[in-house]
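Position 1 is the first residue of the sequence, and the numbers go up from there. Counting starts at 1 for both ligands and their atoms, in listed order.
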Amino acid sequence: MAQVQLKAVSKSYIPGALIINNASITVNDGEFMVLVGPSGSGKSTLLRMIAGLETITTGDILIEGKVVNKLHPKDRDIAMVFQDYALYPHMSVYDNMAFSLKSKNVSSSIIKKRVLEAAEILDLTPLLMRKPKALSGGQRQRVALGRAIVRQPKVFLFDEPLSNLDAKLRTQMRLELKRLHAFLKATIIYVTHDQTEAMTLGDKITVLNHGVIQQMNTPLNIYNHPTNQFVASFLGSPQINFFDSTIISQNHHLYISNNAWEIDMPEKFRSNFNNLQSPTKVMIGVRPEDIFEFDDGALKRPQFCFNATVDVVETLGAEVLCSLKSDVGPIQMRISDKKQVVSYSANINKTKRLTFDLDQMLMFDPETGNNLFSTATPC
Ligand code: ADP
Ligand code: MG
């Protein structure tokens with residue numbers, strides 16, 4: 001297994017139009033790195049450049065410390081698994097898995113050993129003699145994985161390998177991939193546009209937008225300390241709420257104000273606004289799980305509340321997703337309290353008093369979108 005490094009890698013098909021813009025990433029030996037971003041952000045291009053299927057315009061790609069920019073794909077010791085599994089339809093599962101080793105003239109006893117081992121890991125042993133058309137989508141996906149595993153490559157590259165599967169199979173394959181990674185201890189670079197896959201699979205996540213790396217960190221660090229509004233809204237479902245607000249400093253009193261509420265600046269943010277030009281525009285970000293109903297009787301009483309009218313209630317079983325209308329715009333709230341979940345749909349069109357956890361509040365510069373207090377330690 002191996003470390004993969006991208007150093008200031010850029011790619012353009014037409015001069016001046018950068019598809020990948022100055023990307024630097026380090027994927028450590030044995031690490032599961034998820035590359036996530038919207039469709040068209042350049043994920044496949046980046047992966048194909050690592051595989052050697054696409055040239056790079058500037059920069060360097062290193063595997064195990066060696067520059068591989070000019071190395072042919074077959075000499076990079078990388079296995080790639082695509083969204084369409086590209087199995088050979090006329091070959092059995094066994095032959096599909098054995099194919100790349102056969103073409104490298106590996107001895108048939110080693111081929112047999114590796115294919116049987118991979119089949120065992122992936123639960124494919126009873127299916128080895130079947131043709132792909134006699135397999136389900138999930139089984140085909142596992143054969144594609146098996147084909148990569150038997151090669152014992154230094155690095156695995158996955159390009160949206162689960163997106164053709166239905167929701168249940170996707171969840172199941174996610175677990176299997178996690179287990180497989182723990183077992184193989186392989187270096188994996190995994191591309192997806194699905195934020196749930198990114199959060200659940202990655203040791204680390206790299207977020208890409210318009211070919212520019214936005215942030216690279218652990219899933220939780222990115223979720224809790226997104227570097228900008230794009231990252232904050234891309235990870236998390238339902239999306240984070242944004243509230244257009246203003247910071248006002250008046251007679252040594254610092255507060256945040258908008259159409260719906262006025263709150264004292266929480267202590268932990270205060271020192272950052274010593275030289276504030278008052279008023280200053282700010283974008284407040286609050287995740288749906290940090291908004292809750294104001295409770296008069298609560299011991300740790302929140303200091304503020306605001307009105308919002310329940311618009312749509314989606315009951316998911318374990319939780320409720322509630323959309324509300326307020327003077328500060330639409331609000332998404334996630335409710336997981338069992339008692340409330342059961343009866344929440346009775347609240348449609350009712351006005352609620354809401355509050356949110358000030359410690360979890362995020363603040364962004366509305367001009368640049370940057371987090372004003374991003375505290376995630378780079379890793
Ligand atoms: P993603 O995998 O994130 O959806 P891609 O890497 O496939 O994104 O594409 C990124 C951008 O590069 C897109 O705008 C796409 O149109 C463009 N692109 C991809 N391949 C080519 C190509 N061969 N020639 C020109 N433009 C391309
Ligand atoms: Mg793609």
Side-chain angles (χ1 to χ4, degrees), residues 4-25 27 32-61 68-70 72-73 76 78-87 137 140-141 144-145 147-148 155-167 169-170 173-174 177 187-202 204-217 219 222 226-237 239 369:
V4 178
Q5 282 173 289
L6 273 66
K7 291 189 177 169
V9 170
S10 293
K11 171 79 184 176
S12 53
Y13 291 103
I14 307 159
L18 288 174
I19 301 288
I20 299 294
N21 189 349
N22 200 24
S24 294
I25 306 175
V27 186
F32 199 134
M33 170 67 84
V34 176
L35 199 56
V36 68
S39 179
S41 56
K43 306 180 295 295
S44 295
T45 305
L46 205 56
L47 209 63
R48 290 169 59 81
M49 288 195 290
I50 298 171
L53 300 170
E54 200 71 72
T55 57
I56 60 179
T57 309
T58 54
D60 286 315
I61 295 180
V68 297
N69 296 5
K70 299 224 156 64
H72 194 271
R76 294 192 186 197
I78 276 177
M80 191 150 167
V81 179
F82 298 92
Q83 177 178 346
D84 54 355
Y85 325 124
L87 302 179
R140 277 180 217 167
Q141 181 51 263
L145 277 175
R147 213 170 34 175
V155 181
F156 288 88
L157 304 180
F158 292 93
D159 194 352
E160 314 233 14
L162 306 186
S163 38
N164 283 347
L165 305 177
D166 64 45
L169 257 180
R170 258 204 314 269
M173 284 302 293
R174 263 202 334 251
L177 278 172
T187 308
I188 295 179
I189 306 177
Y190 184 104
V191 159
T192 180
H193 65 274
D194 181 319
Q195 59 94 27
T196 312
E197 272 178 37
M199 289 297 294
T200 52
L201 281 173
K204 284 188 200 154
I205 299 179
T206 299
V207 186
L208 199 66
N209 192 27
H210 298 307
V212 179
I213 291 178
Q214 307 289 311
Q215 191 168 12
M216 179 168 57
N217 214 308
I222 292 190
T227 193
N228 57 34
Q229 276 184 251
F230 172 81
V231 176
S233 58
F234 195 75
L235 295 177
S237 174
Q239 275 191 17

Go through Thr192 and Glu197 one step at a time and tell me if the side chain to side chain donor-acceptor pair (under 3.5 Å) criterion holds.
CA-CA 7 Å; Thr192 180; Glu197 272 178 37; 3.1 Å; yes
Any Gly37 heavy atom less than 4.0 Å from ligand 1:
no
Let me confirm one number: the CG-CZ distance from Leu145 to Arg147, rounded to the nearest 0.5 Å.
10.0 Å
Which option out of Gly211, Gly42, Gly40, Ala17 puts a heavy atom nearest to atom 14 (O) of ligand 1?
Gly40
Which distance, rounded to the nearest 0.5 Å, do you find between the CD1 of Ile25 and the CG of Leu35?
5.5 Å
In ligand 1, the atoms that come under 4.0 Å of a heavy atom of Pro38 are 3 (O)
Starting at CG of Asn21, measure out to OG of Ser10 and round the result to the nearest 0.5 Å.
5.0 Å
Confirm or rule out an N/O/S atom of Ser44, from backbone or side chain, lying less than 2.8 Å from the Mg ion (ligand 2).
yes
In this structure, atom 27 (C) of ligand 1 is nearest to the protein heavy atom Tyr13 CE1, 3.2 Å
Is atom 16 (O) of ligand 1 near the protein, in the sense that some protein heavy atom lies at less than 4.0 Å from it?
no
Heavy-atom nearest neighbour in the protein, as seen from atom 7 (O) of ligand 1, with distance rounded to 0.1 Å
Ser44 CB, 3.8 Å
Where Gly42 and Ile20 come nearest, the two heavy atoms and their spacing:
O-CD1, 3.3 Å
Short version for Ile19: what comes under 4.0 Å of ligand 1, heavy atoms counted, is side chain
closest protein heavy atom to atom 5 (P) of ligand 1 is Thr45 OG1, 3.6 Å
So do Leu177 and Leu162 actually touch side chain to side chain, heavy atoms under 4.5 Å?
yes
Within this structure, what is the CG-CG distance for the pair Leu157 and Leu53, rounded to the nearest 0.5 Å?
8.5 Å
